[in-house]
There are 2 protein chains.
Amino acid sequence: MTAERDGAKRSRGRRVTQREIADIVGVSSATVSYAFNGTPGVSEDVRQRILTVAKDLGFRPNRTAQGLRRGRMNMIGLLLADIANPFYPELSSGVINAASAHGSQVFLAQVGLGGMLQAEAARNLVDRGCDGLVFTSVVDGDTELLRELQAADTPFVYANRRVDAIPADWVHVDDFAASREAAEWVVRSGRLQVAVIGGPSESSVSHDRARGALAALGAAGLSPVDERLIDGELSRDSGRERCAALLDSGAAVDAIVCGNDMIALGVMDVCHARGVLIPEDVAIVGFDDMSFASAGPLQLSTVTVPRQLMGERAVAMLFDRIDGYDGPPREECLPHQLRIRATTGPRTAGPTDQRGTA
Amino acid sequence: MTAERDGAKRSRGRRVTQREIADIVGVSSATVSYAFNGTPGVSEDVRQRILTVAKDLGFRPNRTAQGLRRGRMNMIGLLLADIANPFYPELSSGVINAASAHGSQVFLAQVGLGGMLQAEAARNLVDRGCDGLVFTSVVDGDTELLRELQAADTPFVYANRRVDAIPADWVHVDDFAASREAAEWVVRSGRLQVAVIGGPSESSVSHDRARGALAALGAAGLSPVDERLIDGELSRDSGRERCAALLDSGAAVDAIVCGNDMIALGVMDVCHARGVLIPEDVAIVGFDDMSFASAGPLQLSTVTVPRQLMGERAVAMLFDRIDGYDGPPREECLPHQLRIRATTGPRTAGPTDQRGTA
DNA sequence: CGATTGGCCTTAATCGATTAAGGAGGTGTC
DNA sequence: GACACCTCCTTAATCGATTAAGGCCAATCG
């Protein structure tokens, strides 16, 4: 008798359909559909009766059925390497909000890291009917997938990283220039023994950042402390490991240019643990300006990347494609900003020669 | 003639269907479906021919059609307040990976913050066919929505926050006890003028944390410095504002217990800017142990919350429901850990009476 | 007054898969 | 020879919406 009992009785997901509304109002289901879509040719009286009944019954359209019929699901896929890396949440936030403003929602896939491979995840998203994809973590190995998507005419954009071999819409910052500026600053402030601890070379972004730093060093007639440290992961752990290896090697270092702020965090962990003073002994510069970089006592010098905006612009470009734009791939370069804080302050000690005795 | 030309010619999303495979192999589409699903009753010969043709044509099943017919989309919805708040990405990562292990993918909805209202977002996810929902940021105002979901028998779980009035599966930590422990530590180390800068009282988690801290103070015969500061947002900005207000008020303070690490970050920003020494003048304790809390020079005392695990357990409980478990709501309390670092070190100065002249 | 015109609905096909029910052809049994 | 019984397919309904095409009726026109 009660609503509770009814609720318990129906099987899960038993939802009101247009057909039921049609039966109650006494019209055909087509009319109900027309009423909801505002299609002309439904009298105001009937429309009102339909809407009233729908409301009473708590009708909600089945988006799956709509999607099947209309061939468009109004959703986009977002692929990222590791949502726990603080770079991505803000980018994602931009993507989600911009998509929402376009009436779409976002399907999230985490690739690598216990998740699926990128290609598998991307195909899955397409199978589910995503109208387009935003790639934030492509690597060169994804070439085949991207080719496949282009062949099938599935819209996608690169946010941040890109694959050179597959031209497509791309939103990014000038990583090369930004990294060069950061390294230049370090060099100009008198550091001579500069180490570069970068990200994976298969990522275009990390690659560009490393090249930028090396270009600055080269222009000053310097070369990096230990070339083998350049390539690695963009994680705090990897920063720790490589910084420890660097200090252990006994090489003289008075500055470390990091591929991102997470690496810088790991580097600072090790320096802190070993009593290496920042910036007195070693200057440190990160990349991305993650929220913690400006934290009270931390004050990491870094490069600001407009991550939220990057997500928003990526979605804007993607919707252009989804809505039919068919021109050549476009590239949008967002402004970055060198943010000098305390970790690149004046150098007061001689080149450090800590032997990593900590 | 070329594959390129064919590709350009077909309209977007023109994908191979079972029907086309059936026509080529010379069987009915039903047989094709049976072949893919491993349903008995298809000869090995025919099955092989079907699979071969499917592979050649790059067939992929349309998950939307499958979902419509099967009534299950194999996806879950994840609702969160602000993906840029570092609490959520790690929780999300746990959710995504656990869902992936169950063969499901995750739909993400950001509520508030330029996104939709929670109820709107949740209904949207259900309309799209999500098999269940994970709520991470419910507030008391969502009661009606939750009731509606229960009436429709839509499975959902609370991760972290909960709404008392609507019992449902819930994964959390003992925020009350953890916060009490944190405050006790501060009190035991000799601080007498303790301020509590918490989160929104409409969040069960913030509410419990605030109660825990107050309980510790009460047990020591103390009361918080300024009760009006307890309620606010869980953001760095809010931490800044309230800390500034606190210092401006001229009240004597020698410890600040924060509702989470973001607030603590804002508090540290202000202290740093005004020359208030941590921990000499003011001890600070956060909550959540976000990655930056342990950063080199930062060393924020806080409480560790197993966020990734929380996401995984939430999904496990959710899938129990999706798979038919129909018992009473279950509650899972995960272990927390008080993490004492440098910001709660010994107090060396008298109670601060900075007038905020910075 | 018969024909045309519009307004308002209905019929039925369709999206791409799943699946119950049924049929054709061969084998086995008595 | 008849009947049951497999094995392997096919037919057709179905999920819940959308939408082209067509029907009915009253109003309008020459």
Side-chain angles (χ1 to χ4, degrees), chain A residues 10-51 53-54 57-74 124 126-131 152, chain B residues 10-51 53-54 57-74 124 126-131 152:
Chain A
R10 12 175 225 270
S11 67
R12 173 153 61 234
R14 184 73 200 78
R15 287 162 55 105
V16 180
T17 67
Q18 291 190 350
R19 168 120 291 279
E20 300 174 45
I21 296 176
D23 289 346
I24 292 177
V25 175
V27 294
S28 72
S29 72
T31 302
V32 176
S33 175
Y34 288 138
F36 283 119
N37 292 318
T39 312
V42 179
S43 69
E44 196 49 34
D45 171 51
V46 170
R47 180 187 306 278
Q48 285 307 328
R49 279 196 289 146
I50 288 172
L51 296 183
V53 171
L57 267 52
F59 167 78
R60 308 220 93 220
N62 180 323
R63 307 270 262 142
T64 305
Q66 282 186 331
L68 177 61
R69 183 57 232 242
R70 297 213 263 232
R72 175 157 174 185
M73 289 291 282
N74 286 309
N124 239 303
V126 174
D127 293 347
R128 286 181 180 284
C130 284
D131 305 315
Chain B
R10 359 181 234 269
S11 67
R12 171 153 63 234
R14 185 73 201 80
R15 286 163 55 107
V16 179
T17 66
Q18 292 189 350
R19 168 122 292 278
E20 299 174 45
I21 296 176
D23 289 346
I24 292 177
V25 175
V27 295
S28 73
S29 72
T31 302
V32 176
S33 175
Y34 288 138
F36 283 118
N37 292 319
T39 311
V42 180
S43 68
E44 195 49 33
D45 171 50
V46 169
R47 180 187 305 279
Q48 285 306 327
R49 279 195 290 144
I50 288 172
L51 296 183
V53 170
L57 267 52
F59 168 79
R60 309 217 92 223
N62 180 323
R63 308 269 261 141
T64 304
Q66 281 186 331
L68 177 60
R69 184 57 234 243
R70 299 214 262 233
R72 175 158 174 184
M73 289 292 282
N74 286 308
N124 240 303
V126 175
D127 293 346
R128 287 181 180 284
C130 284
D131 305 315

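Letters go in sequence order (proteins before strands), and every chain restarts at 1.
- For the pair Ile50(A) CD1 and dC8(C) C1', the computed distance is 11 Å after rounding to whole Å.
- The side chain of Tyr34(B) lies closest to dA20(C) when the candidates are dA20(C), dT10(C), dG16(C).
- For dT10(D), the OP1/OP2 oxygens have a side-chain nitrogen or oxygen of Thr31(B) closer than 4.0 Å.
- Each of Thr31(A), Ile24(A), Asp23(A) was compared with Val27(A) under the side-chain contact (heavy atoms from CB on, under 4.5 Å) criterion, and only Thr31(A) meets it.
- Judged by distance alone, with hydrogens and angles left aside, the side-chain atoms of Arg128(A) form no donor-acceptor pair with the main-chain N or O of Arg63(B) at under 3.5 Å.
- Put simply, CG on Leu68(B) is 10 Å from C1' on dT18(C), counting in whole angstrom units.
- For the pair Ile21(A) CD1 and dC9(C) C1', the interatomic distance rounds to 17 Å; values are reported in whole Å.
- Counting only heavy atoms from C-beta on, Phe59(B) has its side chain closest to dA17(C) among dT11(D), dA17(C), dT11(C).
- Taking both residues in full, the closest heavy atoms of Gly67(A) and Met73(A) are given as CA-SD, 3.3 Å, listed atom of the first, atom of the second, then distance.
- Looking at Arg69(A), its side chain comes within 3.5 Å of the base of dT14(C) through a donor and an acceptor atom.
- The nearest whole Å value for the distance from the CE atom in Met73(A) to the P atom in dG16(C) is 14 Å.
- Comparing dT11(C), dT10(D), dA17(C) by their closest approach to the side chain of Ser28(A) singles out dT11(C).
- Backbone-only engagement by Pro61(B) is indicated by non-hydrogen atom pairs under 4.0 Å involving sugar-phosphate atoms exclusively.
- Look at CZ on Arg60(B): it is 16 Å from P on dG16(C), rounded to the nearest Å.
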Checking side chain to side chain contact (heavy atoms under 4.5 Å, CB included) for the pair Val32(A)/Val25(A): CA distance, chi angles, key distance, verdict?
CA-CA 9 Å; Val32(A) 176; Val25(A) 175; 6.0 Å; no

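- Gln18(B) has a side-chain polar atom (N or O) that falls below the 4.0 Å cut-off from OP1 or OP2 of dT18(C).
- Close to dG16(C), at under 4.0 Å from its OP1 or OP2, lies no side-chain N or O of Gln66(B).
- Within the structure, a side-chain polar atom (N or O) of Ser33(A) is placed less than 4.0 Å from OP1 or OP2 of dT18(D).
- To the nearest angstrom, C1' of dC9(D) lies 15 Å from CG of Asp23(B).
- OP1 and OP2 of dA17(D) both lie 4.0 Å or more from every side-chain N or O belonging to Ser29(A).
- What separates CG of Asn37(A) from C1' of dT18(D) is a distance of 8 Å, to the nearest Å.
- When heavy atoms are screened at a 4.0 angstrom cut-off, Val32(A) is found touching no nucleic acid atom at all.
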Between Val16(B) and Ile21(B), is the side chain to side chain contact (heavy atoms under 4.5 Å, CB included) condition met? List the steps.
CA-CA 8 Å; Val16(B) 179; Ile21(B) 296 176; 4.1 Å; yes

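- Protein atom CZ of Arg70(B) is 20 Å distant from nucleotide atom P of dT14(D), rounded to whole Å.
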